[in-house]
Structure formats: structure tokens, C-alpha cells
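Working notes for the structure below.
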Amino acid sequence: MTVETIKIPDLGGGDGVEVIEVCVAEGDRVEAEDSLLVLESDKASMEVPAPKSGTVVSIKLSVGDSVGEGDVILELEVDGDAAAAAPADIEPAAVEPADVTAAEPAAPAEVEVPAAAGGQRSETVKVPDIGGGEGVEVIELCVAEGDEVAEGDSLVVLESDKASMEVPAPFAGVITVLLINVGDAASEGTAIVEMQVVGAAQASQPAAEPPVEAASPAPEPQQAESKPAVPAAAAAAPQPPSAAAKGVYAGPAVRKLAREFGLDLARVTGSGPRGRIVKEDLHAFVKALSAAPAAAADGAAIPPIPEVDFAKFGEIEVQPLSKLHKLTAANMHRSWLNLPHVTQFDDADITELEAFRAEMKKEAERRGVKLTPLPFLLKAAAAALRANPKFNASLSADGQNMVYKHYVHIGMAVDTPAGLVVPVIRDVDKKSLWQLAAETAELAQRAKERKLKPADMQGGCFTISSLGGIGGTGFTPIINAPEVAILGVSKLAVKPVWDGSAFQPRKMLPLSLSYDHRAINGADAGKFFTELGQLLADIRRLLL
Ligand code: CAO
């Protein structure tokens, strides 16, 4: 075994970047590409992956440290073969390209100079080096034909699955032709616009080699946090920006601030050039919201909770929230404010299901799985979702369409020491109870070890939050938007149930179903819930 020193890789010149999360602990085993750290500059968050697999011997930095290329992260006892081939001091591969673009040195925009006429020339501005990203979607055009732009003004916003980035104008001038549209896939070299460039600097510019002024800053990631090291529960199924928000004209720092405030930028009016939203606009917007006591009294705005000096009343301890906790809180808040929740309660009679589960106990042991009520709930929910497509759907962000899903992927809330996460089980309707039992146990284990990948938490159609193993008689779960419903499961209790002539002791499972009343009405919910109860009461129905 060799112990190697793992250092911060090339951050593209970005020194003094803050460590916002250390994803490993001493003694942890890591696989190559597992995240070691999350760094955050004022423009982007980036993960530093492990270059090799091994065991963490000692960690050399902490959250809050300011780091740069070459700083030691940790000592890693690397696995056998890898160690033999490796030098003693190694750096991880450069951080994810889409994340690092913010920290990369300015990349020259590709500029074609077809003609020089008098003091003016026409130039084709192309997508610069975007860190190897191919086929990145154009989500926003920031200019129109005829617009006058200053050097550095954004031309387009590109968005990959990892980050959004703006491509700024390399020159001041007038946009003559737009060569790209929203929805197009762009790569390095894709033509964006033709510009009429005016001015002395251009007159001396050699046609083949653009002058220094022609250099465009690297595209700036706006939402580089889309790959958090510790995936969040509701962040597990991140919502795309609303259609309106996609048309917003704002830079990365403003978008980041808006996310921190939990604000939809589409609601903010920009005061910058051509309506660009600047930080001051956000501050003014938030200030106006909180300084609207009259409106708040009417219920038209949210009255802020006053700050209290708790120390006045006794000893206190202040602990910062984890990143996961903050993300979950923001997502819960967003869902609670945006979705009109209705929660319906019922008890499912699972006496027979429990008898069957008890019969299966030995076989479960032989198979090495634990057969809890959860796989049955997943299976029954999948059947009820198939039979009630409105529950297996999402509202489009603009609220104009329902998106029906022809797959049944169900998320399950998992309580972990770091916070709540919601891994998603794919194609629940096609899996056996044994498969579901094994998969839920495996996902819950990985969740608790913080080994889930963002993809493990995406694509859910519906969520089950089971507190049955913990206790309680009922609760109102918050919908994991953009899903439209969530099932809460509480602790099974034996209750007397009247069978027409006598009370019988029955095993009753308390269920609560929260649904988005914009997408689902009460009758739909009643039908879904009744069917779910029938499926759980008589699991033979799952075969029908
Ligand atoms: N009623 C009574 N007992 C129940 C039950 C129920 N509804 N559901 C599970 N149990 C029992 C199980 O059978 C098991 O019993 P044994 O140990 O005797 O076999 C025990 O409770 C513990 O079960 P479990 O929690 O290990 O397994 P699970 O499949 O029920 O749940 C998981 C797995 C990952 C969902 C769970 O561990 C968990 O994290 N739950 C919390 C989810 C959460 O935080 N939700 C809130 C989100 S909103 O804030």
C-alpha cells in the first residue's frame, strides 16, 4: 500500500476558492471519481473528485479554508495496482469541465472576419471553448437583430445538464444577423451572431488573427451547483427554471443570488441595460416584499418572521445548517408556497398483507433481504398510479399543460444523518417484491453512506415517505414538486373494526396522501386512495 498526497488540481487560475464541503472523513473508503471536496467561488461550485480509489488516511483542510491549485487535500492510501503506477504526489483530474468554466482563464471567442469596409467590419461570433461540452442547449437569446451591444454583454445563455453559461460579446457593435435559436444545440465553434463592429481598434485588426480586444471572457456558469456533492432530497428532482425564468436576462451572480433567496427571476424587473436584472433589482424586490405590511395583513404577501435574540432567554448554541439541509429547506418552502396542498387521510387494512409478510419471513432470510411493508406499498402505489394517470404526471412549469409519464418511477424519502434524501426506484410496476425489497435496502444504505449520485434521485413521478418504522398516527407530507402527489405512511396499529356484527382486531396502516390541487381534484384523490387501500387490503389484486 502506498500513501499518496492528493492536491487541488488546476482550477484555471482561480485561487482563493472556498471549501464549502468536505465529502469524506478519515478512514473513509473512496472510489476513483468520488467527490472529495466541493469548492465555491463567487461564480461556481465545483467538485474535486478522487483521482484513485483508496482509503482516506488524513484530511489536510477544512470547510471555510481558502484554497488554490496545489494545496494538499488529503493523504490517500491507494489500492494495490493503482499505487504502483502512480507518482507519490498526484493531483485529481481537473474538476468537471462544466463546473470549472467559471474558473478557467478567459477563452478567446472564435471570431471570423470576412470583410473590412471603412471603419466597420462584419464579424461572425462563435461559441468559444466551453470545456469540451458538446451539444449544449441554447436556453436564452439575450440579443435581437438590430441591438447595439457593448463588449462583454451577454449574447446567449447555454445550459448543459451541469451548468448554465453566458457567452459574452467579444466586441461592441450592432447585431446584424442571429445565427442561433433557443433550443439549438451548440458546441465550440457554433456560429452565434453576425455583428457590425465599429471603431478604431477594429481598423487595425488583422483579418486572420483577432486582436486582444477580440478575446471573449470564458462563458460564465450560472447554475453550476446543479451537481451538488451531497444530493438533496427535493433537490434530487431539481426543477427546471420556469419557461418565463428562462427568458430572463441576468448574469451568473444574480441568478445565484436569486436561487439563494428562492426567487423566481421572472417576477423581477431589470433596471440594467436592455432590462438586464442586476443585484440591486433583487435587493429592491426582496425589500419591497418584506416591507409590505399592509399587503401582508391582507394575506397578499408573506410577513417575515421577526429576528429574536434567543440568548436573552438562556444559553444557546448556533450551528450552521448543512448544505443538504439548506437545499431541502429551500425546496420544501418552494413546494409549500407554490403548490396548493390538500392532504387526505385513510387507514388501509393490511391484516392479510401482514400475515403474508410473516409467512415470507423465512424465505426473505434465505434470500438475504428484509421484507418490510415498503415494497408492498411501492407495488400498490405503482398499480394505483397506472390506473390513475393524473397522479403519474406533472404540471408544465407555465401551468398550461399536464405532462403524463408512461413510466412509473417512485421516490422514497430516506432519513440520513446528513438530512433527507429521496432516491428514486425506476420502473416499480415491472419489478417483483423481492427486487423492490433488495433495491430499497440498497438505496437506503447508499443514501446513509452519502453514496447516491444525482441521477439516483432524478426522474421520480411520485414519492413515498414512510415514518412507519419510527412512529406516529399521521402527518401531512409536502409534495416533492414537480410531482403532484406524495404518500405518507405512519405506524401500523391494531384497531377494532366493525364487520357488521362484531368488532374485529385488524392491522390498520395509517396513510396520508397530499396532492397538488391544481393538478388533481378531490374526487380523483378519493378514487386513487380507495384503490390503493383495496390493493393493500388484498394484494392478490396486484396480479389483476
Ligand atoms: N408500521 C409498523 N412497522 C413498520 C412500518 C409501518 N408502517 N414500516 C416499517 N415498519 C417496521 C419494519 O417492518 C421494520 O421492522 P423489523 O425491524 O421488525 O423488521 C422496522 O419498522 C424498521 O423498518 P425500516 O425503517 O428499516 O425499513 P422500511 O423499509 O420501513 O423503511 C426507509 C426504509 C429508508 C424508508 C426508512 O429507513 C427511512 O429512512 N424512513 C424515514 C423516511 C423519512 O424521513 N420520511 C420523512 C420525510 S418528510 O420529512
Side-chain angles (χ1 to χ4, degrees), residues 232-237 324-325 327-333 335-336 341 343 345-351 353-365 367-381 410-425 428 431 433-452 456-457 460 462-481 483 485-495 506-514 532-533 536-537:
L324 177 58
H325 192 155
L327 278 165
T328 304
N331 288 320
M332 292 291 180
H333 195 202
S335 177
W336 184 252
H341 282 66
T343 307
F345 299 87
D346 204 355
D347 281 352
D349 185 338
I350 61 165
T351 313
L353 185 159
E354 282 296 278
F356 176 70
R357 204 167 67 85
E359 274 173 35
M360 290 291 114
K361 204 165 178 178
K362 283 239 150 56
E363 185 170 345
E365 273 165 22
R367 289 171 178 265
V369 293
K370 192 163 135 189
L371 196 58
T372 69
L374 188 59
F376 294 89
L377 285 158
L378 284 163
K379 201 72 196 158
I410 301 181
M412 61 164 192
V414 180
D415 181 36
T416 79
L420 181 66
V421 289
V422 187
V424 173
I425 301 149
V428 173
K431 290 181 175 159
L433 286 167
W434 295 122
Q435 281 173 309
L436 293 172
E439 199 170 327
T440 51
E442 192 253 342
L443 281 173
Q445 187 60 30
R446 274 173 48 214
K448 284 169 185 160
E449 290 168 1
R450 303 173 80 185
K451 291 262 157 64
L452 291 175
D456 293 327
M457 292 176 289
F462 181 79
T463 296
I464 296 182
S465 175
S466 173
L467 292 177
I470 301 169
T473 54
F475 63 104
T476 54
I478 296 181
I479 301 161
N480 192 6
E483 295 167 18
I486 180 168
L487 181 72
V489 183
S490 295
K491 194 173 175 65
L492 170 73
V494 178
K495 291 184 185 171
R506 304 293 294 178
K507 290 186 172 163
M508 305 302 286
L509 184 68
L511 299 175
S512 43
L513 178 74
S514 295
L532 184 68
L536 290 168

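Whatever order the structure lists them in is the order used to number ligands and atoms, beginning at 1. All heavy atoms count here, side chains included; hydrogens, waters and symmetry mates do not.
Counting protein heavy atoms only, atom 33 (C) of ligand 1 is closest to Leu374 CD2, 4.0 Å. For atom 15 (O) of ligand 1, the nearest protein heavy atom (residue, atom name, distance) is Lys370 CE, 4.6 Å. Among protein heavy atoms, the minimum distance from atom 11 (C) of ligand 1 is reached at Gly469 CA, 4.1 Å. At the shortest separation from atom 44 (O) of ligand 1 among protein heavy atoms lies Asp415 CB, 3.4 Å. At the top of the distance list for atom 3 (N) of ligand 1, counting protein heavy atoms only, stands Gly468 O, 3.5 Å. Ranking protein heavy atoms by distance to atom 1 (N) of ligand 1, first place goes to Leu492 N, 2.9 Å. Scanning the protein for heavy atoms near atom 37 (O) of ligand 1, the closest one is Lys448 NZ, 3.6 Å.
Counting only heavy atoms from C-beta outward, the side chains of Leu452 and Val414 never approach each other to under 4.5 Å.
For atom 25 (O) of ligand 1, no protein heavy-atom neighbour is found at a distance under 4.0 Å. The nearest protein heavy atom to atom 40 (N) of ligand 1 is closer than 4.0 Å.
For Leu509, no nitrogen or oxygen atom sits less than 3.5 Å from a nitrogen or oxygen atom of ligand 1, counting backbone and side chain alike. For ligand 1, none of its N or O atoms has an N or O atom of Lys491 under 3.5 Å away.
Annotation for Ala447 and Val421: closest pair CB-CG2, 3.6 Å, computed over non-hydrogen atoms. Between Val428 and Leu378, the closest heavy-atom pair is CG1-O, 3.5 Å.
Under a 3.5 Å cut-off, the side chain of Ser335 and the backbone N or O of Met332 do not form any donor-acceptor pair.
Proximity of Leu420 to ligand 1 is established by a heavy-atom distance of less than 4.0 Å.
Proximity annotation for atom 35 (C) of ligand 1: of Ala413, Ala444, Ala493, Gly419, Ala413 comes nearest, heavy atoms only. With atom 48 (S) of ligand 1 as the reference point, the heavy atom nearest to it among Ser465, Pro375, Ala447, Ala441 is part of Ser465. Looking at Thr372, Thr416, Leu467, Ile350 and measuring to atom 30 (O) of ligand 1, the nearest heavy atom belongs to Thr372. Heavy-atom proximity to atom 7 (N) of ligand 1, evaluated over Ser466, Ser490, Ala437, is greatest for Ser490.
Ring pair Trp336/His341 is tilted by interplanar angle, where 30° to 60° counts as tilted.
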Note to self: side chain to side chain contact (heavy atoms under 4.5 Å, CB included) for Val489 and Leu511? Distances and angles first, verdict last.
What the structure shows: CA-CA 5 Å; Val489 183; Leu511 299 175; 4.0 Å; yes
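The side chain to side chain contact (heavy atoms under 4.5 Å, CB included) with Phe376 is formed by just one residue from the set Leu433, Ile350, Leu436; it is Leu433.
Ion pair Lys361/Glu365 not flagged as a salt bridge, since none of the NZ, NE, NH1 or NH2 atoms sits closer than 4.0 Å to an Asp/Glu carboxylate oxygen.
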